[in-house]
Amino acid sequence: MRVSRLMLVTLRDDPAEAEIPSHKLLLRAGYIRRVGSGIYAYLPLLWRVLRKVSAIVREELNATGALETLLPQLQPAELWQRSGRWAGYTAGEGIMFHLEDRQGRELGLGPTHEEVITALAADLLRSYRQLPVNLYQIQTKFRDEIRPRFGLMRGREFIMKDAYSFHADEACLRQTYAAMDGAYRRIFSRCGLRAVAVEADSGAIGGSASQEFMVTAEAGEDLILASGDGRYAANQERAVSLPAEGLPLPGGIRAGGSGEELSTPGQRSIEELCAAHGFDASQLVKVLLLLARFEDGLRQPLLVSLRGDQELNEVKLANAVSARLSAAHGALLGIDPLTAELLRSEGLSLDLTSISTGSV
RNA sequence: CGGGAUGUAGCGCAGCUUGGUAGCGCACUUCGUUCGGGACGAAGGGGCCGCAGGUUCGAAUCCUGUCAUCCCGACCA
C-alpha cells in the first residue's frame, strides 16, 4: 500500500507531553494518540506492528502446546469476593476499575484473569487425565494506575499476554514453567530485545516463585540488582543481600552496651544523631511505627526495628504482615507511617510527642 | 494524596511583567516552479487565548475559583 494512503500523520516537533524517547517517537512517527490519561489509540501503523509481535507470541506459545483463549474483560465481583481479592483490588490498591450494572450487580474490569480462569478450570476439569492444561490470551487489561506516565510504558488500558497452567503434580508444573521460560526467551530474542530474567516478588497473594523478564533501559521503571558473576539477579523488591559489616563501637562504656544516657533534643533522624554523638549509622537501631489496615477493619500498629544504616523494604514488610494476619483479618489494604495526624483520624491514642515524623 | 510546572491554531512556541483590534516556525489549502533521501516562490484558511466568576470604559494579560496535562514522590498482582 502507498504511504500516502496510510493516514500517516507525523510531527516535526516533540509534543510537550512526552518525556522519554519511546513516547516522543511513537507520537511523532504517528503510531499512537492519547485519548485520555493512560489511554491510547493504536493507529494503523502500530496495529500492524502489534499484530506481528502477537504473531511471534502465538507461535512460540502454541509450540509449547499452550491453548489460546479469550476471557471476558468485564468480571462479576462475586468471583473476586470468593478469591478474597475484591476488597484489596478496589478499596486497597484501588487498581481495579469497578462499577454497578443496572441491576445493582457489582462488576470490575479485569486487571488480571486468575479468578475467571480458575472458575473455568473448576468447571471444566474433571480428571487429572485432562492435565496439564496451559491457557493463554492476548487481551486488553485495565488497571487504574495512580499515575499513568511515559506513554505506553504505564498506561491504564493496555494489551497483555497472560497464561495460566494447571498441573497434577509439581514435576509437571516445573516442566511447563521451563517451557514458558524458553518460550519467553525466544519471544524476546525474535523481537530483537535483550531481556534479563530476574527474581521478583510474587505479591502478597503468594506463589513460590516469580520471575520477571526485564529489558534494561534508561527510562525503566524498576531497579534490578545483579551479582558480579551474573548468577543472581533480582528486582529491588525481592533482592536479598548481606548487610555491610557494622562498625564496632569504640571502647569504654558504650562497648558493652551497658547503658549510657544520651541527650538528643531536636535530633529526629539517624543522620542528626550520628552528627551529634559521633556514631556510625550502623551502630544505631532505628525504630519505625506504622499502622496496617485490614479488610475487616483491623488497625494493627507495627513497630519495626532496623539497623540504622538500613532502609525498610515496604514490599517485604507487607508480605510478612500479610502472611501473619491476612488469614484472620482479610486482605492487607495498606501500611502507613503512624503519624500524630493518622492517630487522630483513626481515634487512637498514644503519646507520640517524642517520636520523629520525618522520613527515615 | 503530597510537592513542582504548564494550559494561546493540528504540533512547537512568543505575547502576560507595564490591560487597548492575537503573532512566529512547522503542518494544512490553491497556483506555479522543482524532483533519487525532510524542495522553492506567491497567495490563502484556521483561535471561546482550558473553563467559570470578578476588577475595569476595555482582560490572553490583573484577582479568585475550578478543570486538565506533564514531572518528582507514595503505589505498581
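Nothing here was measured: the structure is a model prediction, and the numbers come from that model. In what follows, chains carry the letters A, B, and so on, assigned in the order in which the sequence lines appear, proteins first and then strands, with residues in each chain numbered from 1.
B:C24 and B:C49 are spaced 16 Å apart, taking the C1' atom of each and rounding to whole Å. Distance noted for atom P between B:G10 and B:C62: 24 Å (whole Å). Comparing B:C63 with B:C16, their P atoms are spaced 14 Å from each other, to the whole Å. When the P atom is used for both B:U8 and B:A52, the distance is 15 Å, rounded to whole Å. Only the C1' atoms considered, B:U21 is 43 Å distant from B:C35, to the nearest whole Å. Distance check on atom C1': B:U18 versus B:U61 gives 10 Å, rounded to whole Å. Nucleotides B:C13 and B:G7 place their P atoms 9 Å apart, quoted to the nearest Å. For B:G46 and B:G58, the P atoms lie 28 Å apart once the distance is rounded to whole Å.
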Donor-acceptor pairs under 3.5 Å, side chain of residues 182-190 of chain A to any protein atom, not counting sequence neighbours: which ones?
| from | atom 1 | to | atom 2 | distance (Å) |
| --- | --- | --- | --- | --- |
| A:Tyr184 | OH | A:Lys161 | NZ | 2.6 |
| A:Arg185 | NE | A:Asp181 | OD2 | 2.7 |
| A:Arg185 | NH2 | A:Asp181 | OD1 | 3.3 |
| A:Arg185 | NH2 | A:Asp181 | OD2 | 3.4 |
| A:Arg186 | NE | A:Glu60 | OE1 | 2.8 |
| A:Arg190 | NH1 | A:Glu59 | OE1 | 3.2 |
| A:Arg190 | NH1 | A:Glu60 | OE2 | 2.9 |
| A:Arg190 | NH2 | A:Glu59 | OE1 | 2.9 |

Could you give the side-chain donor-acceptor pairs of residues 121-132 of chain A under 3.5 Å, partners two or more places apart or in another chain?
| from | atom 1 | to | atom 2 | distance (Å) |
| --- | --- | --- | --- | --- |
| A:Arg126 | NE | A:Asp123 | O | 3.3 |
| A:Arg126 | NH2 | A:Asp123 | O | 2.9 |
| A:Ser127 | OG | A:Arg129 | N | 2.9 |
| A:Gln130 | OE1 | A:Arg126 | N | 2.4 |
| A:Gln130 | OE1 | A:Ser127 | N | 3.0 |
| A:Gln130 | NE2 | A:Leu124 | O | 3.3 |

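The 5' end of RNA chain B is approached more closely, in terms of each residue's nearest nucleotide, by A:Arg33 than by the other of A:Pro111 and A:Arg33.
Base pairing analysis places B:U64 opposite B:A52; the two distances defining the Watson-Crick or G-U wobble pair are each below 3.5 Å. The base-pairing partner of B:U29, taking Watson-Crick or G-U wobble contacts with both distances under 3.5 Å, is B:A43. Across all strands shown, B:U34 forms no Watson-Crick or G-U wobble pair with both distances under 3.5 Å. In this structure B:A74 sits in no base pair that meets the Watson-Crick or G-U test at under 3.5 Å. Look at B:A5: its Watson-Crick or wobble partner, with both distances under 3.5 angstrom, is B:U69. Within the shown strands, nothing qualifies as a pairing partner of B:G58 under the Watson-Crick or G-U definition with both distances less than 3.5 Å. With a 3.5 Å ceiling on both atom-pair distances, B:A14 lacks any Watson-Crick or G-U wobble partner.
Checking A:Gln137 against A:Thr69 by side-chain atom types alone, no donor-acceptor pair falls below 3.5 Å. Using a 3.5 Å distance cut-off with no hydrogens or angles, the side chains of A:Tyr89 and A:Asp144 do not pair a donor with an acceptor.
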Contact string for nucleotides 67-73 of chain B, one letter per nucleotide 5' to 3', B = base within protein heavy-atom range under 4.0 Å, S = sugar-phosphate only, - = neither, reads --SSBBB
Each nucleotide of nucleotides 22-29 of chain B classed B (base within 4.0 Å of a protein heavy atom), S (only sugar-phosphate) or -, in 5' to 3' order, makes ---BSS--
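When the side chain to side chain contact (heavy atoms under 4.5 Å, CB included) test is applied to A:His98, the partners found at least two apart in sequence or on another chain are A:Trp86, A:Thr90. For A:Gln73, the side chain to side chain contact (heavy atoms under 4.5 Å, CB included) partners are A:Gln139, A:Thr140, A:Phe142, not counting sequence neighbours. The side-chain hydrogen bond (donor to acceptor under 3.5 Å, both in side chains) check on A:Gln75 picks up A:Trp80, A:His113, with sequence neighbours excluded. With sequence neighbours excluded, no residue forms a side-chain hydrogen bond (donor to acceptor under 3.5 Å, both in side chains) with A:Lys24.
The existence of a salt bridge linking A:Arg149 and A:Glu19 is excluded, since no basic side-chain nitrogen approaches an acidic carboxylate oxygen closer than 4.0 Å.
Through chains of ILVMFWY side-chain contacts below 4.5 Å, A:Ile20 is grouped with A:Phe150, A:Met153.
Computed from coordinates, the A:Leu11 CG to B:A9 C1' distance equals 14 Å when rounded to whole Å. Nucleotide B:G12 holds its P atom 9 Å from the CG atom of A:Asp14, rounded to whole Å.
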